[in-house]
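Below, each value reflects all heavy atoms present in this structure, side chains not excepted, and no hydrogens, waters or symmetry copies. Fair warning: this is a prediction, and the values are worked out from it, not measured in the lab.
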Amino acid sequence: MSFRTLAACAASLLALSTSGLAAAQAAELLKTSELSLSTGGPMPAEQQALGFDHADLKFKILPDKKAIEGEATLTFTAKTPLDKLVLDFDRVFAIRTLTVDGKALKPSAWSNPEGRMTITLPKKITKGRQVTVVVAYDGAPLEAKRAPWDGGFVWSKTETGQPWIATAVQGDGCDIFWPCIDYPTGEPKLVDLHITVPAPLVAPANGVFLGMTEKDGWRTYNWRAKNPNTYAIALDVGPYEELTAPYKSRFGDSFPMSFWYLKGNAEKAKGLFAEFAPMLDFYEQMIGPYPFRDEKMGVVETPHLGMEHQTISAYGNKYAKEAYGFDWLLQHEFAHEWFGNQLTNTDNDDMWLHEGYGSYMQPLMSQWLHGDMEYMARLNQMRVDTKNRFPIVSGKQLKEDDVYNGDRGPGNDIYFKAANVLHTLRTLIGDGAFFKITRIAVYGRDDPKPGNFTTRYLGTKDFIKIVNQVTGKDYGWFFDVYLYEAPQPELIETREGGDLALRWKTPKDKPFPMPIEVKVGDKVVTIPMADGTGRVTVGDTVPVIVDPASKILRRQPYLEVFQAWKKVRDDAAKAEAEAKKKAEAEKK
């Protein structure tokens, strides 16, 4: 029987039977669809017509079964008249009951063959009216094969054999474990979380802690969060202990810092926790107020590497030490509280605003702590790791995988190349303008203070508009080349008599009036390059160094030679390791 036939049979069973057993049996026939495994792209019109007011989510975690029981109470406001609701929800779950505004619907009133649930409303709702849908369900959610790079649940155990569970669904979306609107702009205004776990396990989560109750060997932890990204809503369960302390902000207030760590890691946890306050101070000085200070600054130790879950950042770097004096992963994920959770991209195509800025924060903190050497060292490694195969921005609505997958999209260039683009922009327009642009992009204003801003969406075009407004100049040419083209601009250097002639070469011969410095002997000369060309008299002077302060991201052929050599070496090492593994398996 084909997969499509299996799916059709299971969908029919779900539609025809009100029996929980039959629904569960039908769900077992289904696997997560390609639709559920993707996130983003063009949003259905029915979802664009909804304002997401409130998500009240109940989860009972069943570690032994690798399953959950859930109940989602979702309240929406109709922006236009609607006769049906369309939600994203993995079809692997058996739906026990579904009600709309308190009225139970028959199974024939909804369908979910491909992971996009369509609910026929009992009556049409008018513009401006609220509607509440309650979905009660259970099942085994998608298990992540390689979190956080692919999405799902991580069912792990601690060294002492206790359950250690986490979700990481950025790649596949919120619909992996609750019915939602799986798009960047699908944020609910308010989320309540009620997470029931076997005692004595602990379940830290997003937002403010509203208390814990315990009954019959089960604990229920209650949390409330405002305006979270849908993929940032996270479940974390384990035998946690908590470190907490108040952070006294440079803005005159204070708020709690908390770190949930595994029992047995207390000393290592104290070392990492000591980084929280200096890291917060860096961000509040360089960018602005921590956006979620009325909730908390939270981190939880996880069995996967990490993720920017709002107010409960996932940390799985195993307390590694590095030469720069702070934990890069902790700092990077925390960056997303500003670039991702406070400022949210309008589409996945604008994801560089999250990842590029988030990556630039590591060199910037190195500069803040220790000076220019470490700042440039980090940026140089990012430059080495840049691929330049696809543009950072396509100008189209994209699914998340079309951005992060380096075989068909920019991949890691939204981190590494974008960070160097921001460095180049900063050196071009100066620190004053650069950080003013950043504040306006993040907060919507240049004078952010606690309480005078709210979360916001931003796209690439919006960011360019801010740059132009702040500088009073049109920098479209800068972004046309760096974001919308894959190759980096190349500076062609030729000697003409005693002159060094310079010319910018760009894809499609796009304008690129990027000024450049040249060091001639001990003197640094700035060449305007207004029409993309320039020259400087050098004679027999040595040395002659173009861009001596490494201000400009540009093509460097010697890096391409190195990258090609490294790929051959790495491919050979991988093939050798696979052959060795195969030979050992055959011996067994």
Side-chain angles (χ1 to χ4, degrees), residues 3 6-39 47 55-74 85-100 104-120 132-145 150-155 165-169 171-182 186 188 191 193-197 230-231 233-235 237:
F3 178 76
L6 278 172
C9 290
S12 298
L13 279 170
L14 280 170
L16 293 173
S17 176
T18 58
S19 162
L21 177 60
Q25 290 172 337
E28 287 177 2
L29 295 175
L30 295 172
K31 294 182 179 179
T32 301
S33 69
E34 287 300 319
L35 181 65
S36 292
L37 288 173
S38 64
T39 180
Q47 293 184 343
D56 190 290
L57 306 175
K58 297 177 182 177
F59 300 102
K60 187 173 185 179
I61 312 299
L62 309 171
D64 292 341
K65 298 180 180 179
K66 292 186 177 182
I68 64 173
E69 295 174 2
E71 182 179 288
T73 302
L74 313 174
L85 291 178
V86 176
L87 302 175
D88 298 299
F89 190 40
D90 195 344
R91 63 187 181 184
V92 301
F93 294 105
I95 297 174
R96 299 194 303 271
T97 61
L98 193 153
T99 68
V100 173
L105 302 188
K106 295 180 179 180
S108 58
W110 75 82
S111 63
N112 190 25
E114 292 296 330
R116 180 152 287 159
M117 176 184 285
T118 300
I119 304 167
T120 301
T132 297
V133 58
V134 181
V135 184
Y137 59 95
D138 54 58
L142 179 70
E143 186 169 355
K145 296 178 181 177
D150 65 343
F153 268 65
V154 180
W155 302 97
I165 302 159
T167 59
V169 298
D172 296 325
C174 47
D175 54 334
I176 293 301
F177 68 105
W178 62 281
C180 63
I181 298 176
D182 186 20
V191 174
L193 291 164
H194 315 279
I195 307 164
T196 301
V197 300
T230 50
Y231 77 77
I233 296 170
L235 305 180
V237 179

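Although no hydrogens or angles enter the test, the distance criterion places no donor-acceptor pair under 3.5 Å between the side chain of Asp150 and the main chain of Ala144. No donor-acceptor pair closer than 3.5 Å links the side chain of Ser36 to the backbone N or O of Ser33. Here the side chain of Asp138 pairs no donor or acceptor atom with the backbone of Glu69 at under 3.5 angstrom. Side chain of Thr167 to main chain of Leu235: a donor-acceptor pair is present (N/O by atom type, distance under 3.5 Å, no hydrogens or angles). At distances below 3.5 Å, not a single donor-acceptor pair connects side-chain atoms of Arg96 with backbone N or O atoms of Ala136.
Atom SG of Cys174 is separated from atom CG of Asp90 by 11.5 Å, given to the nearest 0.5 angstrom. Rounding to the nearest 0.5 Å gives a distance of 9.5 Å between OG1 of Thr120 and CG of Leu85. Going from atom CG of Asn112 over to atom CZ of Arg91 covers 8.5 Å, rounded to the nearest 0.5 Å. One finds the CG atom of Asp182 at 8.5 Å from the CG atom of Asp172 (value rounded to the nearest 0.5 Å). Rounding to the nearest 0.5 Å gives a distance of 8.0 Å between NE2 of His194 and OG1 of Thr73. In this structure, the separation between OG1 on Thr39 and CG on Asp175 is 7.0 Å, given to the nearest 0.5 Å.
The two residues Cys180 and Gln47 have their closest heavy-atom pair at O-NE2, 4.4 Å. Nearest approach of Thr230 to Gly186, heavy atoms of both residues: CG2-O, 3.4 Å. Nearest heavy atom pair, residue Val92 against residue Leu30, reads CG1-O, 3.9 Å. Contact record, Pro188 with Val191: CG-CG2, 3.4 Å, taken as the closest heavy-atom pair.
By the 4.5 Å heavy-atom criterion applied to side chains, Leu74 and Leu87 are counted as neighbours. Phe153 places none of its side-chain heavy atoms less than 4.5 Å from the side chain of Val169.
The residues Arg116 and Asp88 are annotated as salt-bridged, a charged nitrogen and a carboxylate oxygen being separated by less than 4.0 angstrom.
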Worked verdict on Leu105 versus Thr99 for side-chain contact (heavy atoms from CB on, under 4.5 Å):
CA-CA 6 Å; Leu105 302 188; Thr99 68; over 6 Å; no
| task | Please test Thr97 against Glu71 for side-chain contact (heavy atoms from CB on, under 4.5 Å), starting from the C-alpha separation and ending with a verdict. | result | CA-CA 9 Å; Thr97 61; Glu71 182 179 288; 5.9 Å; no
Using the side-chain contact (heavy atoms from CB on, under 4.5 Å) rule, take Phe93 and Val135 through it: C-alpha gap first, then chi angles, then the decisive distance, then the call. CA-CA 11 Å; Phe93 294 105; Val135 184; over 6 Å; no
- Task: Take Trp155 and Ile61, measure what side-chain contact (heavy atoms from CB on, under 4.5 Å) needs, and give me the verdict at the end.
- Result: CA-CA 11 Å; Trp155 302 97; Ile61 312 299; 3.9 Å; yes
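Of the residues listed (Thr118, Leu98, Val133), the one engaging Trp110 in a side chain to side chain contact (heavy atoms under 4.5 Å, CB included) is Leu98, and it is the only one.
Note on ring orientation: taking the six-membered ring where Trp is involved, the planes of Phe59 and Phe177 are tilted (angle from 30° to 60°).
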